[in-house]
Amino acid sequence: METLPFSRNTLLKVMCNSGKCLFPCVLCYITVIQILWLCFISGYKDKWAALSVLFLQLWIYISVFRSRTKIRMLTEELNRISNMLRVYTLQKTKTLKIYIWVYCLFVTFMTVFLEMTLFNSGMIAHEQHKLQNSEFIPAHLKEHSVTIMYCSFALITLIGHFFFTTLPEYYCFVCCCMKQFFLHFVWKSKVLIVRQDYQRILEIYKEMNEAMIMMDNFLSLPIMISVVNILTSLFWYGYSFAFPPNANNVTGILFYMGFVQYFLLLLITLIPAAAANQAAATARDFVLSLSGWFPKRYSVIKVHVCRKFMRKTALALWKIYRIDNSLLLSAIGSLISYGILVGTLGSVQNINNEL
């Protein structure tokens with residue numbers, strides 16, 4: 001929201017500032033309620049998993065909040081590169097806006113659907129039963145505790161399935177832009193070679209390379225935390241769907257739809273980043289061979305390229321793991337492996353308890 005021009009609209013500016021103050025308070029409220037629930041009401045493993053996901057989301061919020069100025073700078077840089085390359089025509093801009101609106105409507109529908117499914121499932125009744133039978137809460141406060149519980153479940157679902165999906169969505173949008181820029185750069189460079197304008201080619205590539213480096217510098221850590229958060233949520237939803245705590249159709253639909261949403265988030269986070277890295281590698285290979293197209297300027301271009309662009313630029317998870325298509329397969333394989341392991345250990349534990 002800080003990238004939007006609020007200076008001329010007082011109402012939007014007030015809404016933005018109030019949202020920035022309200023959101024941290026809501027996160028602190030949910031965290032405190034979740035910790036108190038674990039200490040006094042329930043000590044089940046799934047609640048500890050929910051608390052770990054909540055801490056990951058807090059970490060994401062803190063990382064993004066500290067990088068909000070860089071997000072604005074990256075948006076301005078992408079706009080400048082788009083004007084240099086003239087990638088997005090009026091028709092492409094309208095198509096991009098339609099895709100964004102369709103996805104926003106889909107996320108909103110999923111969030112509302114999950115909220116309605118949650119309150120019609122057996123989970124709420126089961127948690128309310130535990131709350132009313134708790135020895136740590138006085139009898140005259142149990143009615144208020146039930147209201148707090150309802151508010152907490154609603155806020156957790158809203159934040160987990162709506163607000164924290166914005167970072168993967170933004171990352172997907174930026175990666176798609178960078179992919180289009182690099183691919184269009186290769187096509188435009190061939191036109192500039194005909195005009196013998198190698199300086200323009202190097203200038204455009206320098207802007208794109210700097211944008212890629214800036215993007216990886218401040219987004220690699222939040223994206224890594226976001227991927228861990230998505231994988232943890234996927235594991236929890238998948239395991240709960242396979243072994244539901246309260247077996248009924250509504251609860252099964254809740255876990256299934258949550259699994260589908262987080263799986264889509266995993267896809268839109270990793271696949272566009274892998275495509276952007278592949279397009280960046282193609283553009284870099286073209287720039288490294290640029291001196292061969294200008295024999296008279298061969299030494300000048302070669303020296304400039306060796307000084308500026310010999311370092312490989314790629315998007316990574318916390319500058320540790322380069323994002324490519326194999327990362328998606330590795331993540332899915334890890335989820336399946338841990339799911340089989342946990343399911344096997346749970347079956348063995350149940351057999352030992354029966355014996």
Side-chain angles (χ1 to χ4, degrees), residues 1-35 50-79 100 103-104 107-108 111 151-152 154-178 210-233 261-262 265-266 268-270 272-273 276 315-321 323:
M1 294 183 67
E2 292 188 358
T3 61
L4 299 177
F6 287 150
S7 58
R8 297 181 181 180
N9 196 321
T10 307
L11 179 61
L12 292 178
K13 188 175 181 180
V14 171
M15 291 175 59
C16 178
N17 293 329
S18 61
K20 288 190 295 184
C21 298
L22 180 62
F23 193 66
C25 297
V26 173
L27 285 178
C28 293
Y29 165 78
I30 293 175
T31 305
V32 172
I33 293 298
Q34 189 70 20
I35 293 174
L51 183 62
S52 64
V53 170
L54 185 59
F55 279 130
L56 287 174
Q57 292 176 348
L58 283 171
W59 195 357
I60 294 172
Y61 171 75
I62 293 171
S63 299
V64 174
F65 182 78
R66 294 175 61 184
S67 304
R68 62 192 187 279
T69 303
K70 296 180 181 178
I71 292 176
R72 187 190 303 113
M73 293 173 59
L74 178 60
T75 305
E76 295 172 355
E77 184 69 20
L78 293 178
N79 185 44
I100 293 174
Y103 185 78
C104 290
V107 173
T108 304
T111 305
C151 295
S152 301
L155 290 174
I156 288 174
T157 307
L158 182 64
I159 290 176
H161 295 276
F162 185 75
F163 289 107
F164 281 102
T165 61
T166 54
L167 177 61
E169 293 163 11
Y170 175 76
Y171 193 70
C172 172
F173 170 75
V174 175
C175 289
C176 290
C177 289
M178 294 303 302
E210 290 178 352
M212 192 83 162
I213 293 174
M214 179 176 64
M215 175 182 172
D216 187 60
N217 285 337
F218 75 90
L219 282 179
S220 59
L221 176 58
I223 288 300
M224 188 207 70
I225 305 170
S226 179
V227 170
V228 174
N229 178 33
I230 292 171
L231 293 176
T232 306
S233 302
Q261 183 177 4
Y262 275 97
L265 283 178
L266 183 66
I268 68 172
T269 302
L270 297 182
L315 301 175
L317 299 178
W318 205 14
K319 299 183 179 297
I320 297 175
Y321 200 103
I323 300 177

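Quantities reported herein were computed from a predicted structural model and do not represent experimental measurements.
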### Query
Which value, rounded to the nearest 0.5 Å, describes the distance between W59 atom CH2 and S63 atom OG?
7.0 Å
### Message
For residues 55-66, which residue pairs pass the salt bridge (Lys or Arg N to Asp or Glu O under 4.0 Å) check, not counting sequence neighbours?
### Response
none
### Point-to-point distance, once rounded to the nearest 0.5 Å, from CD1 of I323 to CG of L270
6.0 Å
### Query
Below 4.5 Å, heavy atoms only, C-beta onward: do V227 and W318 meet side chain to side chain?
no
### Query
How many angstroms lie between CG in L78 and CE in M73, if you round to the nearest 0.5 Å?
12.0 Å
### Heavy-atom pair of closest approach, residues A276 and C175
CB-O, 3.6 Å
### Query
What's the spacing between I71 CD1 and F65 CZ if we round to 0.5 Å?
11.0 Å
### Task
Kindly compute the distance separating OG1 (T69) from CG (L74), expressed to the nearest 0.5 Å.
12.5 Å
Got a list of side-chain donor-acceptor pairs under 3.5 Å for residues 211-223, not counting sequence neighbours?
unit_1, atom_1, unit_2, atom_2, d
D216, OD1, A316, N, 2.9
D216, OD2, K319, NZ, 3.3
N217, OD1, K319, NZ, 2.7
N217, ND2, I213, O, 3.1
S220, OG, D216, O, 2.9

### Query
Of all heavy-atom pairs between V228 and T232, which one has the smallest distance, and what is that distance?
O-OG1, 2.7 Å
### Task
List in chain and number order the residues that pass side chain to side chain contact (heavy atoms under 4.5 Å, CB included) with I60, two or more places apart in sequence or in another chain; answer none if no residue qualifies.
V64, F164, L167, I225, S226, N229
